[in-house]
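Here is the structure we will look at, set down as structure tokens.
For the single chain, residues carry numbers from 1 onward in sequence order.
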Amino acid sequence: MRSKALPLYTLGLNLRDSCVATQARNKKPAPVQTFHDQSIVILDFGAQYTQLIARRIREQNVFSVVLPCTASLDEVKSYAPVGIVLSGAPWSVYDKDAPPADPRLFEMGLPVLGICYGLQFMVHTLGGKVRPAPKREYGHAEIDVTSASVLFQGMARKLVVWMSHGDEALELPPGFELTAKTPNAVAAIQNVAKKWFAVQFHPEVHHTPQGTQILKNFIFEICGAKPTWTPRHFIDSTVEQIRQQVGTGRAICALSGGVDSSVAAVLVDRALRDPGAKSRLTCIFVNNGVLRKNEFEKVQKTLRDKLGLHLDAVDATDRFLGKLAGVSDPEKKRKIIGNEFIKVFEKEAHRIEKSEGKVKWLVQGTLYPDVIESRSVRGPSQVIKSHHNVGGLPEKMKLKLIEPLKDLFKDEVRKIGRDLGMPEEILQRQPFPGPGLAVRVLGEVTAERLALLRECDDIVVSEIKNAGLYTKIWQSFAVLLPVMSVGVMGDQRTYAYTCAIRAVHSEDGMTADWVPLPHEVLKTISTRIVNEVKGVNRVVYDVTSKPPGTIEWE
């Protein structure tokens, strides 16, 4: 199915095994270990809304996992699926480079729901015919439900849906019947005996008003799933998994003070804190030289006082800035920082071993957006950027990874944190990139540029908080551009840097819309920066959404 970009929507989860980051580095599958008694498996053919399907399912308290369409049947089975969803895709099924999936998935005896390209893949694979449509359908459409179907149970005969396809099913496979249509094309089909269903439209997007009900009918009425997946279930199963992984061993945690690493630390600390004994988790907070203003001191106090974690603080500023000297390429920055982090952690692990015993595990607060934007080896989705804690990690590492949150998005991590009893002061912190200010100083990272950016960023954050907007915005920050411009101050000519302000709304970081900050807030930020930060004489505001841009500039 050839499709064009749709309006922005929030994407959802890709819940995968504990070896995602290792797979991304080593480019080979790793063993799967799960603690779930049921799931809906979504096979991703490369659609930009695949993750949104998973989120809609997870909203029903049913565990869902997104796997590349190339996943083996053994991997699919390892998640104890009660149903399979086939996603959309920007392809045509008859293209020679169309992403493949094992046709034996239809022999597993499971209910299957095809969505958009998934319908066409089902038709094409099972003996029907797909062709380029004489009239493509994009946007709102009205479908007529022509036959009784559990998928449309409790709904009207006419439904408004969101279409995005250029191909159509010409002939249905044996055993299938038409259940809905538009004036131009097939809209839904089913094979009741096999429990195979498919829709040409997108039930996962908000522009299909009854879409959630369609998915609920598939999940509960057709698959027979139970709504048992909750934050408490996640905490209990993850703690048990970590205990089995680590055994009597010790771990260190890469702690930044942000939401992700803090929640990961508390979760692992709970698993490794034996009754009446000291926790076998040591958290390490590294000053990599690209932290925000006074952050090294503030984070130490917060994590020790608020969370009671065993924390070692390491100042490695000179080490990191030395490695970053002369480097302008964003990918190189990320990989350098990822490599140096590991070296620092391995050094600290060696020091800890001398006094407390051998350390084999490294805990990271990796989230799914990090994984999906770094993933390049297991499916048709393109790499956006290498995250320092996924694609930026070195090929060889002495420590084994524990990434308890790698299946989750930011909003879910906050829910987990609340169930763990963590303070809102920590949970409401806006996201901060692992490579820190290194990816907000565009071009070469120098001590001078970092100092300028720290002051600019501190002004942005303080004024956003003063306006009562901090917890209402996903992310707000300053970026120092490698652009010098002429200005005038006190009747004197200046030639100084340009600062860009960025503020975005998002639910999980996969898509984002720029925030129209109030005029007075922007005016105050701009005035303060040019008056208080010597070396910056121009402020601009970024009004780019994601896509086409990313939230961070690098």
| said: If we ignore hydrogens and angles and just use 3.5 Å, is the side chain of Arg414 paired with the main-chain N or O of Val259 as donor and acceptor? | reply: no

| said: Taking CG in Asp318 as the centre, count heavy atoms belonging to other residues, nucleotides or ligands within less than 6.0 Å. Is the count above 12? | reply: no

| said: Once rounded to the nearest 0.5 Å, what's the spacing between atom CD1 of Ile40 and atom CD1 of Ile219? | reply: 6.0 Å

| Under the 3.5 angstrom rule, does the side chain of Arg334 hit a backbone N or O of Glu554 as a donor-acceptor pair? | yes

| Any side-chain heavy-atom pair of Leu321 and Leu450 under 4.5 Å | yes

| query | For Asp542, what residues pass the side chain to side chain contact (heavy atoms under 4.5 Å, CB included) criterion, not counting sequence neighbours? | reply | Arg502, Thr544, Trp553

| What is the minimum heavy-atom distance between Trp229 and Leu408, and which atoms define it? | CH2-CD2, 4.2 Å

| request: Find the distance between CZ (Arg55) and CG (Leu52) and round it off to the nearest 0.5 Å. | output: 8.0 Å

| Do Leu517 and Ile464 have side-chain heavy atoms sitting under 4.5 Å apart? | yes

| task | Report the residue from Gln300, Lys306, Arg304 that forms a side-chain contact (heavy atoms from CB on, under 4.5 Å) with Thr302. | result | Lys306

| query | Any donor and acceptor pair, going by atom type alone, linking the side chain of Arg270 with main-chain N or O of Val239 inside 3.5 Å? | reply | no

| query | What's the spacing between Leu215 CG and Glu59 CD if we round to 0.5 Å? | reply | 9.5 Å

| request: Applying side chain to side chain contact (heavy atoms under 4.5 Å, CB included), run through Cys283 and Leu303 and close with a yes or a no. | output: CA-CA 9 Å; Cys283 297; Leu303 297 179; over 6 Å; no

| said: Nearest 0.5 angstrom please: Lys400 NZ to Leu362 CG, how far? | reply: 13.0 Å

| query | When you measure from the side chain of Gln475 to the backbone N and O of Pro431, does any donor-acceptor pair fall under 3.5 Å? | reply | yes

| query | Between Asp458 (side chain) and Arg454 (backbone), is there a donor-acceptor pair under 3.5 Å? | reply | no

| said: Would you say that Ser261 contacts Val363 through its side chain, given a criterion of any heavy-atom pair below 4.5 Å between the two side chains? | reply: no

| Ignoring hydrogens and geometry, is there a side-chain-to-backbone donor-acceptor pair from Asp457 to Ala478 under 3.5 Å? | yes

| message | Listing request: all salt bridge (charged side-chain N to carboxylate O under 4.0 Å, His left out) pairs with a residue in residues 277-289, at least two apart in sequence or in separate chains. | response | Asp274-Arg280, Lys278-Glu356

| query | Given the rule in the side chain to side chain contact (heavy atoms under 4.5 Å, CB included) test, do Leu255 and Ser262 qualify, once you have shown the distances and angles that lead to the verdict? | reply | CA-CA 7 Å; Leu255 199 53; Ser262 297; 4.3 Å; yes

| said: Under a 4.0 Å threshold between the charged nitrogen and the carboxylate oxygen, would Glu348 count as salt-bridged to Arg351? | reply: yes

| note | Nearest heavy-atom contact between Gly257 and Val299 is CA-CG1, 3.7 Å

| task | Could you check whether the rings of Phe341 and Phe345 sit parallel, tilted or perpendicular, using 30° and 60° as the cut-offs? | result | parallel

| said: Checking Thr366 against Leu401 for the side chain to side chain contact (heavy atoms under 4.5 Å, CB included) test, could you report, in this order, the C-alpha distance in whole Å, the side-chain angles of both residues, the deciding distance, and whether it holds? | reply: CA-CA 10 Å; Thr366 307; Leu401 286 175; over 6 Å; no

| Does the side chain of Phe320 reach to within under 4.5 Å of the side chain of Val344, using non-hydrogen atoms? | yes

| query | Which residue pairs pass the ring pair (Phe, Tyr, Trp, His ring centres under 6.0 Å) test with at least one member in residues 250-281, sequence neighbours excluded? | reply | none

| said: What verdict does the salt bridge (Lys or Arg N to Asp or Glu O under 4.0 Å) test give for Lys333 and Glu552, after you've listed the backbone C-alpha separation in whole Å, the side-chain angles of each residue and the deciding distance to 0.1 Å? | reply: CA-CA 14 Å; Lys333 290 182 189 178; Glu552 299 291 341; over 6 Å; no

| said: I'd like to know whether CZ of Arg232 has more than 12 heavy-atom contacts from other residues, nucleotides or ligands below 6.0 angstrom. | reply: yes

| Is a donor on one side and an acceptor on the other found under 3.5 Å between the side chain of Thr238 and the backbone of Ile235? | no

| request: Kindly indicate whether the side chain of Leu324, heavy atoms from C-beta on, has any atom under 4.5 Å from the side chain of Ile337. | output: yes

| task | Determine whether Met108 and Val76 make a side-chain contact, defined as any pair of heavy atoms from C-beta on separated by less than 4.5 Å. | result | yes

| remark: The reported gap from CG in Asp44 to CD in Gln51 (rounded to nearest 0.5 angstrom) is 6.0 Å

| remark: Correct closest heavy-atom pair for Val460 and Ile525 would be CG2-CG2, 3.9 Å

| said: Testing Val359, Ile402, Leu281 one by one against Ile252 for a side-chain contact (heavy atoms from CB on, under 4.5 Å), which residue passes? | reply: Val359

| Got a second to check how far Phe296's CZ is from Asn288's CG, nearest 0.5 Å? | 10.0 Å

| Closest non-hydrogen atom pair, Ser279 against Asp269 | OG-OD1, 2.7 Å

| message | Could you tell me if the side chain of Gln60 sits less than 4.5 Å from the side chain of Pro227, heavy atoms only? | response | no

| query | Taking the side chain from Glu340 and the backbone from Arg319, do they hold a donor-acceptor pair closer than 3.5 Å? | reply | no

| task | Over all heavy atoms of both residues, which pair between Ala438 and Val445 is shortest? Give the atoms and the distance, please. | result | O-CG2, 3.7 Å

| Going through the distances and angles, do His350 and Lys347 end up as a side chain to side chain contact (heavy atoms under 4.5 Å, CB included)? | CA-CA 5 Å; His350 182 67; Lys347 181 179 178 181; 5.8 Å; no

| Flag, side chain of Glu444 to backbone of Ser328, donor-acceptor distance under 3.5 Å | no

| Out of Leu453, Val439, Leu437, which residue meets the side-chain contact (heavy atoms from CB on, under 4.5 Å) rule with Val290? | Leu437

| said: Is there a ring pair (Phe, Tyr, Trp, His ring centres under 6.0 Å) between Phe234 and Phe63? Walk through the geometry before answering. | reply: CA-CA 10 Å; Phe234 175 86; Phe63 180 78; 9.0 Å; no

| message | If you define the side chain from C-beta out and look only at heavy atoms, does anything of Val268 sit under 4.5 Å from Cys253? | response | no

| task | Compute whether any side-chain donor of one residue and acceptor of the other, for Thr317 and Asp315, lie under 3.5 angstrom apart. | result | yes

| Minimum heavy-atom separation for Val66 to Ala54, with atom names? | CG2-CB, 3.7 Å

| task | Determine yes or no for a side-chain-to-main-chain donor-acceptor pair under 3.5 angstrom, with Ser39 supplying the side chain and Tyr79 the backbone. | result | yes

| field | Test item: side-chain donor near acceptor, Ser476 and Gln430, under 3.5 Å | value | yes

| request: Determine, step by step, whether Glu346 and Lys343 satisfy the salt bridge (Lys or Arg N to Asp or Glu O under 4.0 Å) criterion, reporting the C-alpha distance in whole Å, the side-chain angles of both residues, the deciding distance to 0.1 Å, and the verdict. | output: CA-CA 5 Å; Glu346 288 181 340; Lys343 290 176 182 177; over 6 Å; no

